[in-house]
Amino acid sequence: MARTPVPHASGHRTTTAIYLVGSHTGHAVQMAHSLLITMPSARVRIKHPQALYAALTGWLDAEKLAHDTFAPGIAAHSAPPPTESETSVQVQFHGPVPGPQVDTRPPAVSLSGAGEVRVQVGPLSITTGDRPAFQDQLRLWTGAYRLGTTLWAELPAIEQLPGLTTAGPQPVRHLALAPAA
């Protein structure tokens, strides 16, 4: 039987979607000239400062929405039960990415029953299904950005970003580092 060559699909884009419910741990470490961010089900390697800037911008924008999305006192129905085998992915950002996309679902239509906040940066989409998961992701990406400022001098210090107040991060509306076209 003859092999028929399969043409490459042009314009194909894969998005990795991660859904997190409940408190979890994550870490950001510097490796060579990049950052490695680990969280449940994913390892994210960032090799370009604009990708890190876009990610932080998304999480800071999401913070204002999270306040209105996650109603006080509403807990997620349940988290998926742990299994002996879990899927884990690795996503790498080698260059600039488009600006972040942030959206929400109210509790009544969310999978968790507590509301959802989704932040997508390039091929990575992270949805948090309750306030504890959101807070852990915001803390993780803020810490990763702080670490990134020691790696890439062109990143402004987090305290210098527009929209920050003494009350904490507020949405960042203007990207100082241009997103990818």
Side-chain angles (χ1 to χ4, degrees), residues 13 15-28 35 37-42 44 46 49-81 89 91 93 96-149 155-180:
R13 184 176 143 192
T15 299
T16 299
I18 298 168
Y19 192 88
L20 300 168
V21 176
S23 290
H24 57 275
T25 58
H27 303 281
L35 292 179
I37 300 166
T38 60
M39 65 187 79
S41 302
V44 181
I46 299 181
Q50 187 278 333
L52 180 60
Y53 190 88
L56 179 67
T57 299
W59 286 101
L60 293 177
D61 280 344
E63 185 178 32
K64 183 176 182 211
L65 299 173
H67 178 72
D68 296 331
T69 301
F70 301 123
I74 297 180
H77 293 307
S78 65
V89 297
V91 177
F93 293 98
V97 297
Q101 296 176 356
V102 179
D103 57 42
T104 65
R105 283 186 177 180
V109 296
S110 69
L111 293 174
S112 67
E116 295 173 355
V117 173
R118 180 183 70 90
V119 176
Q120 181 168 344
V121 177
L124 178 62
S125 176
I126 301 173
T127 301
T128 55
D130 62 4
R131 187 179 304 276
F134 176 81
Q135 290 171 332
D136 287 345
Q137 282 295 297
L138 179 62
R139 190 173 12 264
L140 175 61
W141 289 98
T142 301
Y145 185 86
R146 287 184 195 281
L147 185 58
T149 61
L155 288 174
I158 197 167
E159 296 79 13
Q160 296 173 338
L161 295 176
L164 291 178
T165 67
T166 55
Q170 300 298 315
V172 176
R173 299 286 176 215
H174 306 288
L175 288 175
L177 298 171

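What you see below is based on every heavy atom in this structure, not just the backbone, and it leaves out hydrogens, waters and symmetry mates.
- The closest donor-acceptor contact from the side chain of Q135 to the backbone of Q137 lies at 3.5 Å or more, if one exists at all.
- Y145 has its side chain out of reach of I46: every pair of non-hydrogen atoms, C-beta onward, lies at least 4.5 Å apart.
- Atom CG of D130 sits about 9.0 Å away from atom CG of D136, to the nearest 0.5 Å.
- In plain terms, the two heavy atoms of P123 and V91 that are nearest each other are CG-CG1, 4.0 Å.
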- Test W141 against V121 for side-chain contact (heavy atoms from CB on, under 4.5 Å), laying out the working first. CA-CA 12 Å; W141 289 98; V121 177; over 6 Å; no
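- The stretch residues 97-134 participates, sequence neighbours left out, in these ring pair (Phe, Tyr, Trp, His ring centres under 6.0 Å) pairs: W59-F134.
- Between F93 and A51, the closest heavy-atom pair is CB-CB, 3.6 Å.
- Of the possible polar contacts, one joining the S110 side chain to the G115 backbone as a donor-acceptor pair under 3.5 Å is found.
- Here ring pair (Phe, Tyr, Trp, His ring centres under 6.0 Å) pairs that include residues 108-130, with residues two or more places apart or in two chains, number zero.
- The minimum heavy-atom distance linking P49 with L155 is given by the pair O-CD2, 3.6 Å.
- The minimum heavy-atom distance between Y19 and V21, with the atom names listed, is CE2-CG2, 3.2 Å.
- The shortest heavy-atom contact between T25 and P40 is O-CD, 3.5 Å.
- Scanning both residues, M39 and L20, for their nearest heavy atoms gives SD-CD1, 4.5 Å.
- Annotation: side chain of R118 is not in contact with side chain of R105 (no heavy-atom distance under 4.5 Å).
- Between D61 atom CG and L56 atom CG the span is 9.5 Å, to the nearest 0.5 Å.
- Atom CD of Q120 and atom OG1 of T127 lie 9.0 Å apart (nearest 0.5 Å).
- Note that CD of E116 and OG1 of T128 are 8.0 Å apart. Values are rounded to the nearest 0.5 Å.
- Distance check: I37 CD1 to L52 CG gives 6.0 Å after rounding to the nearest 0.5 Å.
- Proximity of a side-chain donor or acceptor of T149 to a complementary backbone N or O of R146 within less than 3.5 Å is detected.
- When side chains are defined from C-beta on, L65 does not count as touching D103, because their heavy atoms never get closer than 4.5 Å.
- Between L138 and L60 the shortest side-chain heavy-atom distance falls below 4.5 Å.
- For the pair Q50 and V97, the minimum side-chain heavy-atom distance is below 4.5 Å.
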